[in-house]
Amino acid sequence: PFDVLIVGGGPAGAAAAVYAARKGIRTGVASERFGGQVLDTMGIENFISVKETEGPKFAHALEEHVRNYDVDIMNLQRAAALVPGKDLIEIKLENGASLKSRSVIISTGARWRNINVPGEQEFKNKGVAYCPHCDGPLFKGKRVAVIGGGNSGVEAAIDLAGIVGHVTLVEFDTQLRADAVLQRKLTSLANVTVIKNAQTTEITGDQKVNGLVYKDRGTAELHTVPLEGVFIQIGLVPNTDWLKGVVELTKHGEIVVDARGQTSVPGVFAAGDATTVPFKQIIIAAGDGAKAALGAFDHLIRTSAP
Ligand code: FAD
């Protein structure tokens, strides 16, 4: 069995692997796709000490760093179930195999919910974006739309209004769902237009995004908004379905962790976008992975026979 088995090989899992391996304990990483969300990212400009890089390059560097240590990397492995145990925790894989470990770190990340309209896939990284902290500065002085009027959409619109030229917030419902304080802040901004009761039907473009088409749900009329960027903010879904009923999750599916990354199951830790950690970013996930590995190590030295 492993001492630490990490499920998920994004920035959180990679950092956890390096920290665990450096303790000289038996470490494994099982992941569906080593690298994680970073593989789908173009420019990364906010990982401190790396002025700018590209997602696939960053993912490669993560893997190279982990491979520098004695870590058993099991790629293309999807975990299907976690079975708690007194001494050993079992991870059942989708292919039928099973892995056992004295502690587990879950770092299966999250995925942005897609809006599934024509243009979304085509213009990803060419004007279609999901993360205002990441990509906001790319649209300095330009016109953007934010789709989604929940807390994350309204926060994104407020954030972007300080950087870009103009923000159009498009909400499907007849009212925004964000907290009142955020809505007040939003409506106080001169360069923000809010369009409610509007269904986005298409993101248009040539090489890059040049507009957004929405249907007024009251009149069924189609309208086009010329712009350079569209931020889709209709939810971030943690990859935690396989843990339901076993590990405590929030109603949004985030794994509940304490300050050391400990979950509700003894010996099971979690890190990164899959958890309740506020703000989903690479540097935060990496720091979180390091923390969970140290938490797991601390757990091991307290629970193992001398
Ligand atoms: P992830 O990167 O999501 O990794 C999860 C890992 O778990 C993957 O290896 C995945 O294959 C694996 N996995 C999932 N389910 C299972 C399972 N059941 N069994 C086994 N393995 C599983 N952040 C920034 O800081 N700067 C940026 O510029 C930036 N740009 C972004 C651009 C895009 C397009 C996207 C999508 C995100 C961006 N982010 C950016 C956010 C950043 O990528 C995430 O915050 C970060 O990758 C989270 O790391 P993680 O390790 O928690 O999860």
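In each ligand, atom 1 is the first atom listed, and ligand 1 is the first ligand listed. On a predicted model such as this, the values are computed, not experimentally measured, just so you know.
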Enquirer: Could you check which of Asp273, Ile91, Val277 puts a non-hydrogen atom nearest to atom 45 (O) of ligand 1?
Expert: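 Looking at heavy atoms only, the winner is Asp273.
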Enquirer: At less than 4.0 angstrom from any non-hydrogen atom of Ala79, what atoms of ligand 1 do you find?
Expert: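 Under 4.0 Å from Ala79, ligand 1 has these atoms: 17 (C), 18 (N), 19 (N), 20 (C).
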Enquirer: Considering the heavy atoms of Gly43, write down every atom of ligand 1 situated less than 4.0 Å from one of them.
Expert: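 Heavy-atom distances to Gly43 below 4.0 Å select 28 (O).
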Enquirer: State whether the shortest distance between N or O atoms of Ala271 and N or O atoms of ligand 1 falls below 3.5 angstrom.
Expert: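 Min N/O separation from ligand 1 is not below 3.5 Å for Ala271.
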Enquirer: Would you find more than 12 non-hydrogen atoms of other residues, nucleotides or ligands less than 6.0 Å from Arg22 atom CZ?
Expert: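 Not buried by this count: 12 neighbours or fewer within 6.0 Å.
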Enquirer: What part of Ala80, side chain, backbone, both or neither, has a heavy atom within less than 4.0 angstrom of ligand 1?
Expert: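 Neither part.
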Enquirer: Give the atoms of ligand 1, by number and element, whose distance to some non-hydrogen atom of Ser107 is under 4.0 Å.
Expert: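 This gives 5 (C), 6 (C), 7 (O) as the contact atoms.
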Enquirer: Taking atom 5 (C) of ligand 1 as the point of reference, which of Thr108, Ile6, Leu82, Leu39 owns the nearest heavy atom?
Expert: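 Considering heavy atoms of Thr108, Ile6, Leu82, Leu39, the nearest to atom 5 (C) of ligand 1 sits in Thr108.
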Enquirer: Consider every N or O of Pro11 and every N or O of ligand 1, then say whether any pair is closer than 3.5 Å.
Expert: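 So ligand 1 has an N or O lying under 3.5 Å from an N or O of Pro11.
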Enquirer: Examine the proximity of ligand 1 to His133 and report which part, side chain or backbone, both or neither, has a heavy atom under 4.0 Å away.
Expert: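 Within the 4.0 Å criterion, His133 makes no contact with ligand 1.
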Enquirer: Which of these passes side chain to side chain contact (heavy atoms under 4.5 Å, CB included) with Ile91: Ile6, Ile106, Leu5?
Expert: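 Passing option: Leu5.
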Enquirer: Short list, please: which atoms of ligand 1 are under 4.0 Å from a heavy atom of Lys280?
Expert: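 Answer, ordered by atom number: 45 (O).
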Enquirer: Using heavy-atom distances only, which candidate in Glu32, Gln37, Arg33 approaches atom 43 (O) of ligand 1 most closely?
Expert: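 Result: the heavy atom closest to atom 43 (O) of ligand 1 is in Gln37.
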Enquirer: Using a 4.5 Å cut-off on heavy atoms from C-beta on, say whether the side chain of Thr168 contacts that of Arg143.
Expert: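 The answer is no, as the side chains (C-beta and beyond) never meet within the 4.5 Å cut-off.
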Enquirer: State, yes or no, whether a side-chain contact exists between Thr275 and Glu254 at a heavy-atom distance under 4.5 Å.
Expert: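 Thr275 vs Glu254: side chains apart.
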Enquirer: What are the atoms of ligand 1, with element, lying closer than 4.0 Å to any heavy atom of Gly272?
Expert: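 Going through ligand 1 atom by atom, the ones under 4.0 Å from Gly272 are 52 (O).
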Enquirer: For atom 51 (O) of ligand 1, which protein heavy atom lies nearest, and how many Å away is it?
Expert: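 For atom 51 (O) of ligand 1, the nearest protein heavy atom is Ala12 N, 2.9 Å.
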Enquirer: To the nearest 0.1 Å, how far is atom 34 (C) of ligand 1 from its closest protein heavy atom, and which atom is that?
Expert: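 Atom 34 (C) of ligand 1 sits closest to the protein heavy atom Asp40 O, 3.7 Å.
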Enquirer: Looking at Val7, which atoms of ligand 1 are within less than 4.0 Å of one of its heavy atoms?
Expert: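 Answer, ordered by atom number: 19 (N), 20 (C).
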Enquirer: Identify which of Cys134, Gly289, Ala30, Gly9 has a heavy atom lying nearest to atom 27 (C) of ligand 1.
Expert: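 It is Cys134 whose heavy atom sits nearest to atom 27 (C) of ligand 1.
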Enquirer: May I ask you to test the Asn151-Arg177 pair for a side-chain heavy-atom distance under 4.5 Å?
Expert: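 Not in contact.
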Enquirer: Using a 4.5 Å cut-off on heavy atoms from C-beta on, say whether the side chain of Thr224 contacts that of Glu202.
Expert: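 The answer is no, as the side chains (C-beta and beyond) never meet within the 4.5 Å cut-off.
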Enquirer: Please lay out, stage by stage, how Leu186 and Leu176 fare under the test side chain to side chain contact (heavy atoms under 4.5 Å, CB included).
Expert: CA-CA 11 Å; Leu186 184 74; Leu176 303 181; 3.9 Å; yes
Enquirer: On the ring face of Phe2, is Arg102 found with NZ or CZ under 6.0 Å from the centre and within 45° of the axis?
Expert: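 No; the conditions do not both hold, so Arg102 does not lie above the ring face of Phe2.
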Enquirer: For atom CG of Asp70, decide whether the heavy atoms of other residues, nucleotides or ligands shown that lie under 6.0 angstrom number more than 12.
Expert: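 Open.
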Enquirer: Any idea which protein heavy atom is nearest atom 12 (C) of ligand 1, and the distance to it?
Expert: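 Minimum-distance protein heavy atom for atom 12 (C) of ligand 1 reads Gly8 CA, 3.7 Å.
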Enquirer: Would you say the side chain of Val213 lies within less than 4.5 Å of the side chain of His223, judging by non-hydrogen atoms?
Expert: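 Side chain of His223 against side chain of Val213, heavy atoms only: no contact under 4.5 Å found.
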Enquirer: Quick one: which of Thr53, Ile282, Val38, Thr275 has a heavy atom closest to atom 24 (C) of ligand 1?
Expert: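 Shortest heavy-atom distance from atom 24 (C) of ligand 1: Ile282.
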Enquirer: Write out the residue and atom name of the closest protein heavy atom to atom 20 (C) of ligand 1, then the distance separating them to 0.1 Å.
Expert: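 Protein heavy atom at minimum distance: Gln77 O, 3.2 Å.
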Enquirer: So which protein heavy atom does atom 53 (O) of ligand 1 come closest to, and at what separation?
Expert: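 Residue, atom and distance for the closest contact: Gly109 CA, 3.2 Å.
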Enquirer: Taking everything shown except Lys124 itself, do over 12 heavy atoms lie less than 6.0 Å from its NZ?
Expert: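 Enclosed.
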Enquirer: According to the interplanar angle, ranging from 0 to 90°, do the rings of Phe231 and Phe139 count as parallel (below 30°), tilted (30 to 60°) or perpendicular (above 60°)?
Expert: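 If you compare the ring of Phe231 with that of Phe139, the planes turn out perpendicular.
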Enquirer: Based purely on interatomic distance, does Glu45 place a nitrogen or oxygen under 3.5 Å from a nitrogen or oxygen of ligand 1?
Expert: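 No; every N/O pair is 3.5 Å or more apart.
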Enquirer: Taking atom 26 (N) of ligand 1 as the point of reference, which of Leu138, Asn46, Leu236 owns the nearest heavy atom?
Expert: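 When every heavy atom of Leu138, Asn46, Leu236 is considered, Asn46 comes closest to atom 26 (N) of ligand 1.
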Enquirer: How far is atom 33 (C) of ligand 1 from the closest protein heavy atom, and which atom is that?
Expert: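 That would be Thr41 OG1, 3.5 Å.
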Enquirer: Could you list which atoms of ligand 1 come closer than 4.0 Å to a heavy atom of Ala110?
Expert: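 Numbered from 1, ligand 1 contributes 3 (O).
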Enquirer: Any idea which protein heavy atom is nearest atom 36 (C) of ligand 1, and the distance to it?
Expert: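 Result: Trp112 CD1, 3.4 Å.
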Enquirer: Answer yes when Glu122 and Lys208 have at least one side-chain N-carboxylate O distance shorter than 4.0 Å, and no when they do not.
Expert: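 Lys208 and Glu122: not salt-bridged.
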Enquirer: Please tell me whether Asn210 and Glu228 have a donor and an acceptor in their side chains that are separated by less than 3.5 angstrom.
Expert: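 Looking only at side-chain atoms, Glu228 and Asn210 do not form any donor-acceptor pair under 3.5 Å.
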Enquirer: Between Thr174 and Asn197, do the side chains contain a donor N or O and an acceptor N or O under 3.5 Å apart?
Expert: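 Result is no, nothing qualifies.
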